[in-house]
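Worksheet for the structure shown next.
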Amino acid sequence: MKRLCSDNVNIAHMRCGVHTLQLAVRDGLHNTHRANLISRARQIAKAARTPKLMEVLKNQAAKVAILGQETRWGSTCLML
């Protein structure tokens, strides 16, 4: 924990470890090659979410395709 002090102000500052980890992972995924692979996987997941393919996935594997979203932590991992 880091203490920030001013004349009459004593503020405790602590960074969120999970948020820092999420920022580091996001920076690592913005590599051009990785971004292209994730983009292709997202296109496949979109195609697998059509009604006909969703029915086949549910019947054969009892699963549904998850579409990753940048704003949701962990959704890209679940999609992949």
Side-chain angles (χ1 to χ4, degrees):
M1 186 160 52
K2 186 177 181 182
R3 292 245 179 232
L4 303 174
C5 298
S6 180
D7 293 338
N8 294 330
V9 180
N10 189 10
I11 301 172
H13 174 75
M14 184 174 8
R15 294 178 186 241
C16 176
V18 174
H19 183 67
T20 304
L21 177 62
Q22 188 265 341
L23 292 174
V25 169
R26 188 181 68 182
D27 286 346
L29 293 176
H30 277 80
N31 173 299
T32 306
H33 180 66
R34 291 180 197 118
N36 288 338
L37 289 175
I38 291 171
S39 176
R40 289 180 190 168
R42 188 169 280 122
Q43 290 173 351
I44 292 169
K46 274 185 183 178
R49 291 176 60 89
T50 61
K52 191 176 268 189
L53 286 176
M54 282 183 73
E55 185 178 332
V56 170
L57 284 173
K58 282 182 184 177
N59 289 338
Q60 290 186 357
K63 300 205 180 239
V64 295
I66 297 172
L67 190 59
Q69 299 173 359
E70 284 191 30
T71 56
R72 301 231 181 234
W73 292 11
S75 67
T76 302
C77 181
L78 292 173
M79 175 186 68
L80 296 173

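Residue indices begin at 1 and follow the sequence shown. Because the structure is predicted, anything quoted here is derived from the model rather than measured.
The shortest non-hydrogen separation linking Ala65 to Ala45 is CB-O, 3.9 Å. Listed here is the closest heavy atom pair of Arg49 and Met54: O-SD, 3.1 Å.
Cluster partners of Ile44 are absent, since no Ile, Leu, Val, Met, Phe, Trp or Tyr has side-chain heavy atoms less than 4.5 Å from it. As a member of the Ile/Leu/Val/Met/Phe/Trp/Tyr network built from side-chain separations under 4.5 Å, Val56 groups with nothing else and remains a singleton. If you chain together ILVMFWY residues whose side-chain heavy atoms come under 4.5 Å of each other, Leu57 ends up in a group of its own.
In this structure, NE2 on His19 lies 7.5 Å from CZ on Arg26, to the nearest 0.5 angstrom. Residue Leu67 holds its CG atom at 9.0 Å from OG1 of Thr76, rounded to the nearest 0.5 Å. Remark: Arg42 CZ to Leu80 CG distance equals 8.5 Å, nearest 0.5 Å.
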